[in-house]
Amino acid sequence: MKKSMTSTVIYEGELRTVAQHTASGTRIETDAPVDNHGKGESFSPSDLVATALGSCMLTMMGMKARDLDIDLKGTRIDIQKIMKAEPRRISGISLTFHLPENLHLSEKNKTILQRAADTCPVFYSIHPDIDVQVNYNWQNVAEKAL
């Protein structure tokens, strides 16, 4: 079976690349961060790693929510990437989920949604030396009566 390409990346100079998704044509620009000789005008490649983790976790949660007829629209994740030198790499990623205030969930459904997010393939692909901290901010979510 022949596998299709996922994307192409072109170097545009001045530490900037443009990635294009093969199937959709969607484009993402990256720029080196200011602290690493870049302009910092777009996501850096390491920003995309941290952001991909959050996006993947929220997608997995969304799939399970759809099965449970739960609307997660408006859920937000604040993501912080922590860098380390020598060698320069991602040393940590912190993610904080903020669920909509109008959401009503049972404890069981909170657990199901959290476990779904924790099964994200990107999460399983993150090197074990990267400290990943995930906080599910459930305090604004009302308890649903059974």
Side-chain angles (χ1 to χ4, degrees), residues 1-68 70-103 105-142:
M1 170 194 335
K2 184 179 179 192
K3 296 184 179 190
S4 62
M5 285 191 310
T6 300
S7 60
T8 58
V9 179
I10 298 172
Y11 183 69
E12 294 205 329
E14 298 189 37
L15 308 180
R16 176 164 292 174
T17 69
V18 175
Q20 184 167 337
H21 184 247
T22 304
S24 69
T26 301
R27 295 167 50 105
I28 299 172
E29 289 185 6
T30 68
D31 205 4
V34 174
D35 69 347
N36 200 23
H37 313 292
K39 295 179 181 178
E41 294 175 347
S42 190
F43 284 102
S44 72
S46 57
D47 290 342
L48 289 179
V49 171
T51 302
L53 176 59
S55 182
C56 182
M57 292 179 80
L58 195 50
T59 299
M60 296 302 292
M61 185 183 272
M63 288 177 184
K64 185 53 74 174
R66 183 179 57 196
D67 293 345
L68 298 170
I70 296 169
D71 184 5
L72 293 180
K73 188 174 183 176
T75 300
R76 181 183 92 239
I77 306 174
D78 293 333
I79 302 168
Q80 180 184 21
K81 173 196 73 176
I82 299 104
M83 296 296 290
K84 183 177 184 177
E86 312 275 334
R88 186 170 171 83
R89 65 180 184 88
I90 300 169
S91 63
I93 302 171
S94 173
L95 304 98
T96 302
F97 283 72
H98 299 278
L99 290 298
E101 290 184 22
N102 61 344
L103 195 59
L105 294 173
S106 66
E107 283 300 317
K108 178 181 177 182
N109 281 343
K110 289 177 187 178
T111 299
I112 290 169
L113 292 174
Q114 185 171 324
R115 286 184 179 157
D118 292 344
T119 65
C120 154
V122 174
F123 189 88
Y124 289 128
S125 301
I126 298 288
H127 193 280
D129 287 350
I130 297 175
D131 180 32
V132 177
Q133 299 292 320
V134 183
N135 178 33
Y136 293 93
N137 191 355
W138 296 114
Q139 58 260 34
N140 291 330
V141 177

Neighbour count above 12 (heavy atom, 6.0 Å) for [X] [atom1]:
X      : atom1 : value
Arg115 : CZ    : no
Arg89  : CZ    : yes
Gln20  : CD    : yes

Tell me whether [X] contacts the main-chain N or O of [Y] through its side chain, where contact means a donor paired with an acceptor under 3.5 Å.
X     : Y     : value
Ser55 : Thr51 : no
Ser94 : Gln80 : no
Ser91 : Ile82 : yes

Could you go step by step and tell me if Asp131 and Gln133 meet the side-chain hydrogen bond (donor to acceptor under 3.5 Å, both in side chains) rule? CA-CA 6 Å; Asp131 180 32; Gln133 299 292 320; 2.8 Å; yes
Determine whether [X] and [Y] make a side-chain contact, defined as any pair of heavy atoms from C-beta on separated by less than 4.5 Å.
X      : Y      : result
Asn36  : Pro33  : yes
Gln114 : Ile112 : no
Leu53  : Val132 : yes
Phe97  : Met57  : yes
Ile130 : Ile93  : yes
Lys81  : Ser44  : yes
Asn109 : Ile70  : yes
Leu15  : Lys39  : no

Nearest 0.5 Å, what's the [atom1]-[atom2] distance between [X] and [Y]?
X      : Y      : atom1 : atom2 : value
Arg76  : Asn137 : CZ    : CG    : 8.5 Å
Leu72  : Leu113 : CG    : CG    : 6.0 Å
Glu107 : Lys110 : CD    : NZ    : 4.0 Å
Met83  : Asp47  : CE    : CG    : 8.5 Å
Asp31  : Glu12  : CG    : CD    : 10.5 Å
Leu105 : Trp138 : CG    : CH2   : 6.0 Å

If you look at every heavy atom in [X] and [Y], which pair is closest and at what distance?
X      : Y      : answer
Ser7   : His21  : CB-CA, 4.3 Å
Met61  : Ala116 : CA-CB, 4.2 Å
Asp78  : His98  : OD2-NE2, 2.9 Å
Ala19  : Val9   : CB-CG2, 3.9 Å
Pro100 : Gly74  : CG-C, 4.1 Å

Taking it one step at a time, do Glu29 and Glu41 satisfy side-chain contact (heavy atoms from CB on, under 4.5 Å)? CA-CA 9 Å; Glu29 289 185 6; Glu41 294 175 347; over 6 Å; no
Apply side-chain contact (heavy atoms from CB on, under 4.5 Å) to the pair Leu48 and Ile28, showing each step before the final yes or no. CA-CA 10 Å; Leu48 289 179; Ile28 299 172; 4.2 Å; yes
Hey, is Asp129 close enough to Lys84 for a salt bridge, meaning N to O under 4.0 Å? no
Assess the side chains of Ser42 and Thr30: does a donor N or O sit below 3.5 Å from an acceptor N or O? no
Does a donor on one side chain and an acceptor on the other come within less than 3.5 Å for Tyr124 and Asp118? no
Give the C-alpha distance, both sets of side-chain angles, the deciding distance and a yes or no for side-chain contact (heavy atoms from CB on, under 4.5 Å) between Thr6 and Thr22. CA-CA 6 Å; Thr6 300; Thr22 304; 5.6 Å; no
